[in-house]
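Everything numeric in this text was worked out from a predicted model, so none of it was measured. Letters go in sequence order (proteins before strands), and every chain restarts at 1.
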Amino acid sequence: MPVWFNPARELDALLRKVAPSVAGFDADFNPELRPSDPRHADFQANGVLAVAKKAKGNPRALATALVDAVKATGELDEKLFQVEVAGPGFINFKLTPVALGAWLREYRDESKWRAGAARMMGGRKVVIDYPSPNTAKQMHVGHLRPIVIGEAVARLIEFCGAKLTRDNHIGDWGTNFGILILAIRRAGFKLDSQSPTALDDLERLYKEGSVLTKADPAALDAARAELAKLQSGDAENLALWEEIVKVSNTACQRIYDQFGLKTDVILGESFYRDKVDQVYTELQKVGLAEESEGALVVWHDDEPRFSRHAETPMPFIVRKKDGSSNYASTDLATLLYRAEYFKADEIVYVTDGRQQDHFQQLFRTGAKWFTATKRTLPRLRHVWFGTILGEDGKAIKTKSGDPVRLQSLIDEATERAFAAVTAKSPELSETERKAIAKAVGIAALRYVDLASNRTMDYSFSWDKLLAFEGNTAPYLMYAVVRVRSIFRKNGIEVGKGEEGATDPETPTEIALARKLLGFTAALDLALEDLRPHHLSTYLHELAAAYGAFYAADTVNVDDPAVRARRLMLCARTCSILETGLRLLAIEPVERM
RNA sequence: GAGGGGGUAGCUCAGUUGGAUUAGAGCAGCAGCCUUCUAAGCUGCGGGUCGCGGGUUCGAGUCCCGCCCUCCUCACCA
């Protein structure tokens, strides 16, 4: 009998198969199989309670009858599963040490996980849109989340078998450029992209322009006019724009390099400058778009909020009254391009949650447009995240004071990590400590964003972002380091020395083994809503189970069978922790 | 006003879609554990009327209704 890779899925199938032959159950019986509180069992089926309620039967009697029928099939090896009816009528399944041992021997390494996971997305073509910053600005803490969450989601999707294209859809064709061009003109500034202070100059000028246009509507109109000139091909503005883009792209790239971020393509808004006319034409032709107050807009009367009759009307403005494009125009053009050029089955947008209305309008417009033109609409998903708030509890905005620059944050993280590694492992060479500090510092930053639900807002705090203890990246990395250290001391590679391993025996061994089996469930959960924190939570629990095992059960003991099985548990822990960390884009280290 | 997020321990957050006498972590606090594989660790203790009030049922932090607080978005910014 083969060892089940995913016992929950198999038990679910078995119960579905057997149930119809038992009095009181229908053909469409849903066992509602799920992981259980480990104090009770590994898995539990709750579905019998629903059946009993409907039929007004006795749930425990029904559950017992079902369990008997399952046992009678002989398909459930009782050496592997303990089955019992518990509480009001749950069916509990507990994996025996024999089952845990068999599973650990069978599912050894990342290739097994990957093969199992690859079925989940089954080769679908997915375009993921991240981190897509607005250029012409220095990157600050607000740019952290799209980089970190986007990369984790991308890796998750890829791991689960998608053919992925990472598209950095930079904001390089919007009013922010109008503002900047205006400010440069007014200051009589001569921009030189080669100048070392170019970025700081732009930063300063943008701030000036921003203040000016906020205070004075006439200035805002002037900025829009500069943008309109740019979009209509004015040579002077175009030349200036190119210089600005050059400066800001270089600056962004420096940050990306430090995060190891590599997108496949960078097709910003400006790439679609000659593709928006088709959008205007088609939307008008199929009767979706119409003129309103001089602008070209789309109403969705089937949704009260976006209807023209809404109390506070919120049209989807696809072309501004001065004829220039905005993000709705370019997003629609982008949607079409991704569907036609990349043949996307699915598009994932990773952006700030404040853009939810925009994406709902975009998706609705896209659906109607594609239907009317007989195109196939890709599945569209908006993976949004909450805001990083300033100390005052308000969203960080360039205007309200100076938000912490991303580079400062990286530097501080690296410095603190260097101090920590120097204090704890002074015997390592400075070069090695520097490399570790860089990995640990960035990892700590990333993990903060990946450990909690992405839809949550949180307040910026140095101490929170740079914590190295507790549920943090360094904690997970440290677990890996301790596993690897055992193998290094023994002079063997991870995964060796398992011959003759017996089944898990001590409570901490068993707890660790059970936790190891939970990896696929965590992946399922994280993939479903593209929420990486489910994976983080799991990895933290796994590292904690390893910590308890490590403290309680010495690996290097004389008994060869015990030693072999503990080495096996160590190797599996290492493999799953490293695989999981890499899915979060955290690169584990050998020592720290 | 409409839509969205949030309200769970002093603080920061999980809570696998309605399950099990006792709602979980991490920080912070207290008490222990380094002559054994890395103490960025481990063990234990204390700390909660899950915003408030109703309802649905065998069973609610989770679902329904009504309130309260807070953050975000709502005509040419992305």
**Asked** Going by number, which of residues 520-532 of chain A have a non-hydrogen atom under 4.0 Å from RNA chain B?
**Response** A:L525, A:E528, A:D529
**Prompt:** Which one is paired to B:A2, where only Watson-Crick or G-U wobble pairs with both distances under 3.5 angstrom count?
**Reply:** B:U73
**Prompt:** If we take the P atom in both B:A23 and B:G47, what is their distance in whole Å?
**Reply:** 13 Å
**Message:** Using a heavy-atom cut-off of 4.0 Å across all strands, would you classify A:Y327 as base, sugar-phosphate, or nothing?
**Reply:** base
**Asked** What interatomic distance, in whole Å, is found between P of B:U17 and the corresponding atom of B:U62?
**Response** 15 Å
**Prompt:** What do you reckon, do A:H533 and the base of B:A14 stack, with centroid distance below 5.5 Å and planes below 30°?
**Reply:** no
**Asked** When we call it a touch if two heavy atoms are under 4.0 Å apart, what does A:V421 touch: a base, just sugar-phosphate, or nothing?
**Response** base
**Message:** Considering every strand and a 4.0 Å limit on heavy-atom distances, what is the contact class for A:A295: base, sugar-phosphate, or nothing?
**Reply:** base
**Prompt:** Which is true for A:K464 with a 4.0 Å heavy-atom rule: it touches a base, it touches only sugar-phosphate, or it touches nothing?
**Reply:** sugar-phosphate
**Asked** Taking the six-membered ring of A:F385, is NZ or CZ of A:R145 closer than 6.0 Å to its centre and within 45° of its axis?
**Response** no
**Prompt:** Out of B:A75, B:A20, B:C13, which has the shortest distance to the side chain of A:P315?
**Reply:** B:A75
**Request:** Please measure how far the C1' atom in B:G6 lies from the corresponding atom in B:G46, and state the result in whole Å.
**Result:** 29 Å
**Prompt:** What is the ring orientation for A:F519 with A:Y538, classed by angle as parallel under 30°, tilted 30 to 60°, or perpendicular over 60°?
**Reply:** tilted
**Message:** Under 4.0 Å, heavy atoms only, any strand: does A:D357 hit a base, just the sugar-phosphate, or nothing?
**Reply:** base
**Message:** So A:Q356, base contact, sugar-phosphate only, or nothing? Heavy-atom distance under 4.0 Å.
**Reply:** sugar-phosphate
**Message:** What's A:N92 touching, base or sugar-phosphate or nothing? Going by heavy atoms closer than 4.0 Å.
**Reply:** base
**Asked** Considering only the C1' atoms, how many Å lie between B:G44 and B:G53, rounded to the nearest integer?
**Response** 40 Å
**Pairwise C1' distance for B:G48 and B:G66, with rounding to whole Å** = 25 Å
**Message:** Please encode protein proximity along nucleotides 23-37 of chain B as a string of B, S and -, counting only heavy-atom distances under 4.0 Å.
**Reply:** -SSSS--------BB
**Request:** In whole angstrom, give me the gap between the P atoms of B:A20 and B:G61.
**Result:** 10 Å
**Sub-6.0 Å ring centroid separation between A:Y475 and A:H540** = yes
**Request:** Classify the nucleic acid contact of A:N46 as base, sugar-phosphate or nothing, counting any heavy atom under 4.0 Å across all strands shown.
**Result:** base
**Asked** What is the distance from CD1 of A:I388 to P of B:C72, rounded to the nearest Å?
**Response** 15 Å
**Request:** Test for a donor-acceptor pair under 3.5 Å between the base of B:A75 and the side chain of A:S292, counting only N and O atoms.
**Result:** yes
**Asked** Is the distance between the ring centroids of A:F549 and A:Y546 under 6.0 Å?
**Response** yes
**Request:** Name the nucleic acid region contacted by A:T351, choosing base, sugar-phosphate or nothing; use a 4.0 angstrom heavy-atom cut-off, strictly under.
**Result:** nothing
**Request:** With heavy atoms under 4.0 Å as the rule, sort A:M592 into base, sugar-phosphate or nothing.
**Result:** base
**Request:** For A:A451, answer base if it contacts any base atom (sugar-phosphate contacts may also be present), sugar-phosphate if it contacts only those atoms, and nothing otherwise; contact means non-hydrogen atoms under 4.0 Å.
**Result:** nothing
**Test: A:R482 cationic atom under 6.0 Å from A:Y550 six-membered ring centre, within 45° of axis** = yes
**5'-most by nearest nucleotide on RNA chain B - A:I170 or A:A41** = A:A41
**Request:** Return the nearest nucleotide to the side chain of A:R354; candidates are B:C72, B:G5, B:C76.
**Result:** B:C72
**Message:** Please confirm whether the ring centroid of A:Y272 lies under 6.0 Å from the ring centroid of A:H169.
**Reply:** yes
**Asked** In whole Å, what separates the C1' atom of B:A14 from that of B:G55?
**Response** 28 Å
**Request:** For the pair A:L49 and A:E32, evaluate side chain to side chain contact (heavy atoms under 4.5 Å, CB included) and give the outcome as yes or no after the intermediate values.
**Result:** CA-CA 10 Å; A:L49 286 161; A:E32 292 180 36; over 6 Å; no
**Message:** Taking any heavy-atom pair under 4.0 Å as a contact, classify A:I179: base, sugar-phosphate, or nothing.
**Reply:** nothing
**Item:** Shortest side-chain distance from A:S452, nucleotide among B:G19, B:A40, B:C13
**Value:** B:C13
**Request:** List for me each residue that meets ring pair (Phe, Tyr, Trp, His ring centres under 6.0 Å) alongside A:H534, sequence neighbours excluded, and say none if there are none.
**Result:** none
**Message:** So A:H358, base contact, sugar-phosphate only, or nothing? Heavy-atom distance under 4.0 Å.
**Reply:** nothing
**B:G4 to B:C42 separation - P atoms, rounded to the nearest Å** = 41 Å
**Message:** What contact category does A:G547 fall into here, base, sugar-phosphate, or nothing, at under 4.0 angstrom with non-hydrogen atoms?
**Reply:** sugar-phosphate
